[in-house]
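First comes the structure, then the notes that go with it.
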Amino acid sequence: MPLFTRRKAEAAEEYRPLAELPPLPEPPAPGPTGLRSLEAHRKYLLSCVSELPPFRQNLLDALDLSLCEEIVAQVDLPRFDNSAMDGYVVRAVDVANASPDRPISLPVVGEIAAGSAALHRLSPGTAMKIMTGAPLPEQADAIVPYENSDRGTSDVRVFAPSAVDQHVRHRGEDIEAGTRLFAPGDVLGARDIGVLAGIGRSTVMVRPRPRVVVISTGTELVEPGDTLERDEQIYDSNSFLLAAAVRAAGAQVFRVGQVGDDGELLKRVVTEQLLRADLILTSGGISQGDYDVVKAVMPEVGVCDFASVAMQPGKPQGFGLIGPDRVPMIMLPGNPVSSFVSFEVFVRPVIRKLMGAQPYVRPTVKAEAAHAMTSVWGRQQLARGVVSYTDSGRCQVTLPGGHGSHLLADLARANALVILPEQTEHVAAGEPLDVWLLEELLG
Ligand code: AMP
Ligand code: MG
């Protein structure tokens, strides 16, 4: 399916007046502290987006995508009895008494390579050369590997017996025709792609990679590679951080880059992007500041919900369904750490739902606190942690960096997010904690 035909709208500009768009579903009520719980907000976002419709994809391009069909093997694998070794195909009974001292000599009456057929059956008292993967001739039931022979060409001397079925791969022993191999929702890894190719599939029905547009907002932002001309300017790290995280989550990313704090410009850029977006991500501009334009103008082009979520970092959060096609848009806070943590907590699950990949949320792993920790009561803290294994093999976590949500280097050093629940204020050394591993741990 061509990229741009997934949306209904003819032209991005032709959006209906906002009054005609249905409102968002009722957002969850805030908790006793006046803040919305992280779980309630995530559940709300997930309830507002649907899985993308499936399409037929070439097998290799289906890597990491979620299957939308049941796959039943139509063939046996192996398709025919064949040799597991290079050597000689024999009848086991003919070599039963072979030994190094008393080798058995058999005439070599043929040769079968992988990809060639066994032309005739094996007569008693004879052998044929056979290569790995070549079909067994009728009446043969064992393989003598080269290592147990003198590698003879017209006659072969066999130095050891081979039992019936030795080094023989049987038809259907791997997969029997009619076996159900995959179910809808299975996410295809490299080995699954191998099996599918092995049973002859060249395409599969999968949900597509969501197309995610990433925009950062802020008049202070400068594209990396350009020159910082004034002291108050900074490089735009968020659009790169988020775009990379989108890609790592398995989606296709369009990094638009930075837009200044100009409401009209922002509306235009977002509207232009609707056509190629299954999800739009922005960073910045959703707090209480005078220049927080995202919050100010997005309700003019879509139905939006801005919430204070009981988490740290990442308290301000925005969500909308934008334009006539109601493209989901997640508006993240601008501080780099807040924006990344919000990505992990809300955006990654939404991307996974769009892709149809379960579970939406990362699995939690238990790790022991390596030292005492503190947290803010009433806010779920997602601290940047370093998880490692002790010499005795215990999984432990430290919080090496500072708390500031501007600390990019600490974020990059971390390999996990440590989840400190809303009611936690103190954690003693040795207490078990829930963590999300952000990368594979070696050792
Ligand atoms: P905001 O949420 O727009 O008020 O931004 C909060 C803080 O994050 C400010 O210090 C911004 O300069 C910083 N910030 C916002 N966007 C980015 C970005 N794309 N890259 C780096 N820092 C940013
Ligand atoms: Mg800003």
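Whatever order the structure lists them in is the order used to number ligands and atoms, beginning at 1. None of these values were measured; they are calculated from a predicted model.
Using a 4.0 Å cut-off to heavy atoms of D236, the atoms of ligand 1 that qualify are 18 (C), 19 (N), 20 (N). Distances below 4.0 Å separate heavy atoms of I234 from the following atoms of ligand 1: 12 (O), 21 (C), 22 (N), 23 (C).
At least one heavy atom of G285 sits less than 4.0 Å from an atom of ligand 1.
None of Q317, K315, R348 except one satisfies the side-chain hydrogen bond (donor to acceptor under 3.5 Å, both in side chains) rule with S342; the exception is Q317.
Counting heavy atoms under 4.0 Å from ligand 1, residue S237 touches it through both backbone and side chain. Contacts between E220 and ligand 1, counted as non-hydrogen atom pairs separated by less than 4.0 Å, involve the side chain only. At a heavy-atom distance under 4.0 Å, only side-chain atoms of L221, from C-beta outward, approach ligand 1.
For N238 and S216, the side-chain atoms include no donor-acceptor pair closer than 3.5 Å.
A donor-acceptor pair under 3.5 Å is absent between the side-chain atoms of D262 and the main chain of G260, judged by distance alone. Panel note: side chain H167, backbone T132; no donor-acceptor pair is recorded below 3.5 Å.
H41 and Y44 have tilted rings, their planes meeting at an angle from 30° to 60° on a 0 to 90° scale.
In this structure, the protein non-hydrogen atom closest to atom 10 (O) of ligand 1 is N335 OD1, 4.3 Å.
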